[in-house]
Structure formats: structure tokens, C-alpha cells
Amino acid sequence: MTDAWAAVDAAAARLRAVHLRDLFAGDPGRFGRLSWQLDDLTIDFSKEKLDAAAIESLVALARAAGVEALRDRMVAGEPVNLTERRAVLHMALRGGADAPAGDDVAGTLDRFLGFAEAVRAGKVAGSGGPFTDVVNIGIGGSDLGPVMAARALSPDRDGPRLHFVSNVDGAHFADTVAALDPARTLVIVSSKTFTTLETMANARLARDWLGRHAAAQMAAVSTNIAGCAAFGIPQARVFSFWDWVGGRYSLWSAIGLSLAIGIGAEGFRALLAGAQAMDRHFREAPLERNLPVLLALVGIWRRNAMGWPTVALIPYDQRLERFPAYVQQLDMESNGKRVRRDGTPVATATGPVIWGEPGTNAQHSFFQLLHQGTDIVPVDFIAAARPRAADAGHHALLLANCLAQGQALAFGRTAAEVEAEMRADGKPEDEIARLAPHRTFPGDRPSTTILFRELDPFALGRLIALFEHKVFVQGAVWGVNSYDQWGVELGKALAGPLIAALRDGTPAEADASTRGLLARVRELGR
Ligand code: F6P
């Protein structure tokens, strides 16, 4: 173990047994010391089980791991995605870095935003009139970004209705188009490779569903221009991007076309500007005050120093309901790795399991376990200080609940407090003795709160870029390549022979369990 890791571990050994109640009692200035701002964005780490000295040890770890040098190499367009020999330049899509010479990012952006505006204005229309509906067909990074952002920015949407089809379950397409008019629906096939099984199967379904409208009412977003042409999408409706944009980092490219049709060119540019503001901060702020760096390091503290394997991501914002799913791909596909950049096994745990649902709904489902279960699950709360188009009274209810959950997790409720309260309520002693253990909250459960003014396009862009850079920093410290995803390949390869086995009974070479299940499917599916 390196000295830097040893210093982090020593800090953890010092703090592990210190209750958050005592950390707060011992330092009245804790919030000021452990929360950081970038304009209206605040991140409060004071409810994490750490202190300023622990943060110092984590920053030293980031320095020792060469985070700054790797960041600068990424920004300079070096092929930091080593296994695929590619640059990682999604920041260039929003002016946060320079694109490779010859790749016309600004012109490409103008072109797809121009198309988006023409669709919104009805200048590009279907055979039955201006488009009333847009269906984006894509999966993973070609779906989750637009679907998440379209939901998050619903108050900014005034264009045609947006729909998203991702799953190869035919029900997804069928249910989505059931009420749509094919003469007034634009279908956008979004796929970096234009070979993804799910997307191509759904694209074919869409082409059949559009029938005679297909040629005029399909568009594509891809790096595989020849594939789009072979599928029959006219060149004028194909919007390209570049192999230096990873799928899960591609919302900023023409993959955001459906979103741009929803929120307009101005809204889309504001989203990019928000991300660019975070890029600038990430590139310029010293590690000690760098928000994505600190968010990453607190994650490393949780995962490696404290040994907690999952993170609950809980937006107190119904419009961010798809944000946990978006971050799941961003984080788990990037840092769910077991070998280092040089192919040797990692020495520490890497990416945690990320999961979550919006609050307050989550309070009424799994928060019981977070408060009184036997595992510690750190929570990331996300909230906007003011509502957009919602009732202001409701917003106070929402935020009060968010803050209360952080309090309850950190401070809990001791047995003595429970007993005193029950006594004050006049409860008999035998009932107090019987119920107090059940009503006690241990507390000492960590959370981070990410707070900003309002969920508009700028704030959303900045929030996404915050998480992108967090993922980068964690990957750099763990020494993994955050920009490949070989882990999804094996399942794809194994599905091939099974498709044939299910379709026409071709015998599949498979293990006894899979053969047994295939036989059972054939029997039940007859
Ligand atoms: O799940 C693997 C993956 O390659 C993701 O990284 C990607 O976002 C998704 O599939 C879709 O790929 P494509 O855009 O090429 O269809």
C-alpha cells in the first residue's frame, strides 16, 4: 500500500468510531469547513464521517495518483482510453476542451440544432402535417441522457411530445406508438455504432410502422454514416459525432437531438453552458476546492476507507426521477472494473453500486433499511432551493423532508431520547421498555447534500458534468480505464446462439441450466 493510501486509512481508523453527533458537537464551524460552493451550487459534506484532516489525506491521495496530469492529458486529446486507443473529449462538445483538428464541432452543433428548430417550427414536417411526436430509439448512452434530461426539463419543453424506446422487449415500442399517428411522428435512431441489437431491432420495427412515411420521417444520429445509409436514412437526416465521445458521455452531441427538439436550441445551448462552467472549474480550481474532485474523494472515502459498497442517490425532485438510472450507467459502466490500466488486478475495491429513487417516495419504501438496517448506505441528496412550475408550499414540504432525512441519518435518536419522549407522552413503563429498542435510531449514517438554486438547463448541465468529472477522478485514483465497457460484451456474444435456439429450435451448446431453461421456454411458449 502506498503512503497516500496509508494516510487515508489512518484517518479512517481515527474517525470510524467517532459518532457524527460528536463530530458536530466538537466543531461548531463544521458546515463552513466541510461545504463548498461554485456560484449557487453547494455541496455539503459535513454529514459525512470525516473531517478536514481526512479530506487533506484524500487530496494528497489524488495528487499521488496523478489525477491532475491525467486530467490534462484527457483535455489535450491524448488517447487516455487506452484499450480502445481513443481520446476522451466529450468536454469539447461544450467548449470545455478543444476538439481534434478537422472535427467541426460548432458546425455540427449548428446543424442539428437547426434541424431541431425546423422540426419545432413545423418547417420540417411529416406527411400529415407538423410533427406532433418524436420517438427516439436508442439504448444506454443513446437513450438515458436524453430521456433523463427531457424529464428533468419538462417546464422548458414546448415542442412536439418526446418518447423514448430502448428495450428490445417489443412491448416498449408497441406501447409507445399505440396512440401515435405515423403520419405526424418523427423517429430518430440514435446509436453510436448503428449495430446495437436492441436499437436496430426497434429501428426496423419503426420503419415498418412508418410504412410509406419512413424515408421522410426517420432521422439518425451516429458515427457510422455508412450504416445509416444502408438502413435507408437519407444523408440530409443523418447527424454525426465522433469516436472520441463515449456513449455514456454523448448527451452533448447530436445524441441530444430529441432533447433539443423538446427544449429548443437556446435551451440546449444553456445545458452546454452549464456543463462548460463545471468543466472550467474542474480544470482550474485547485484540488482542495474542486467540487468534482471532492465529490469523488468522499466517494473513495466511503468505498475504500469505510468499506461501504453501495450509494443511494436520492433526488428530492420528481423531474430528476431518471437521474439515478443515468448515473448508474455513467458510473457503473465507467468504474465497474477489476483490472488497472496496465491489465494488472486492482488492489482496492472500485466503483460502488449506485441506486436510487426520488424522495419523498423513497422514504416510504426503502428508507426504513437506511435508518435501522444492519448495513450502512451512504446517501447523496440532490435538491433545488426553489421550484420551477410547482406549488411553493409543496416545495417547502419537499425540502423539509430532504433535510430531515439527512438529520435523522446523521444524528438518529438515542434510546434515552426515545424513553424520555414516551414518558413525556404518559406511556406506561412496560410499554416504554418494550418499544424503545424498536424506536431507537443509531444515527451515524453519512450523507452528502447537493443543493442549487433551480433545476433549469444550465443547472442540469452543470450537475451532469459534476458527476462525469467525479467518475473520471475516481477512475484515476483507482487506476482503471473509465472509458471502455468490455463487461457488456460477453452477454451480447452468448445471446447470438440462444436467439437461434429460441426462434427455430437450433440446438445450442450451453450448460445444463441454460439448456433446461430453453426447453422449458419452448414448452411454455408453444
Ligand atoms: O451497453 C453497452 C453500450 O455500448 C453503451 O456503452 C452504449 O451507450 C450502448 O451500448 C449503446 O450503444 P450504441 O450507441 O452504439 O447503440
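Each ligand, and each atom within it, is numbered from 1 in the order the structure gives.
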- Message: In the complex you have, is atom 13 (P) of ligand 1 within reach of the protein, judged by whether a heavy-atom distance drops under 4.0 Å?
- Response: yes
- Could you tell me which atoms of ligand 1, counted from 1 in the order shown, lie closer than 4.0 angstrom to a heavy atom of Ser142? 13 (P), 14 (O)
- Query: Taking the minimum heavy-atom distance to atom 16 (O) of ligand 1, which of Thr196, Val221, Ile255 ranks first?
  - Reply: Thr196
- Is it true that Asp331 and Lys470 make a salt bridge, defined as a side-chain N closer than 4.0 Å to a carboxylate O? yes
- Item | Glu198 to ligand 1, any heavy atom closer than 4.0 Å | no
- Residue selection (non-hydrogen contact nearest atom 5 (C) of ligand 1) among Gln485, Arg248, Glu333: Glu333
- Check: Lys492 N/O within less than 3.5 Å of ligand 1 N/O: no
- Can you check whether Lys192 has an N/O within less than 3.5 Å of an N/O in ligand 1? yes
- atom 8 (O) of ligand 1 sits nearest the protein heavy atom Gly141 N, 2.7 Å
- Sole candidate of Tyr326, Phe323, Phe472 that passes ring-ring contact (aromatic ring centres under 6.0 Å, His included) when paired with Phe467: Phe323
- Message: Can you classify the ring geometry of Tyr249 versus His90 as parallel (below 30°), tilted (30 to 60°) or perpendicular (above 60°)?
- Response: parallel
- Donor-acceptor contact present, side-chain Arg161 to main-chain Val134, <3.5 Å: no
- Can any side-chain N or O of Glu357 pair as donor or acceptor with the backbone N or O of Glu321 at less than 3.5 Å? no
- Query: Does a side-chain heavy-atom distance below 4.5 Å link Trp308 with Val377?
  - Reply: no
- Region of Thr193 that comes within reach of ligand 1 [heavy atoms, distance under 4.0 Å]: both
- For atom 11 (C) of ligand 1, what is the nearest protein heavy atom, given as residue, atom name and distance? Ile139 O, 3.2 Å
- Task: Look at the side chain of Asp511 and the backbone N and O of Ser513, then say whether any donor-acceptor pair between them is shorter than 3.5 Å.
- Result: yes
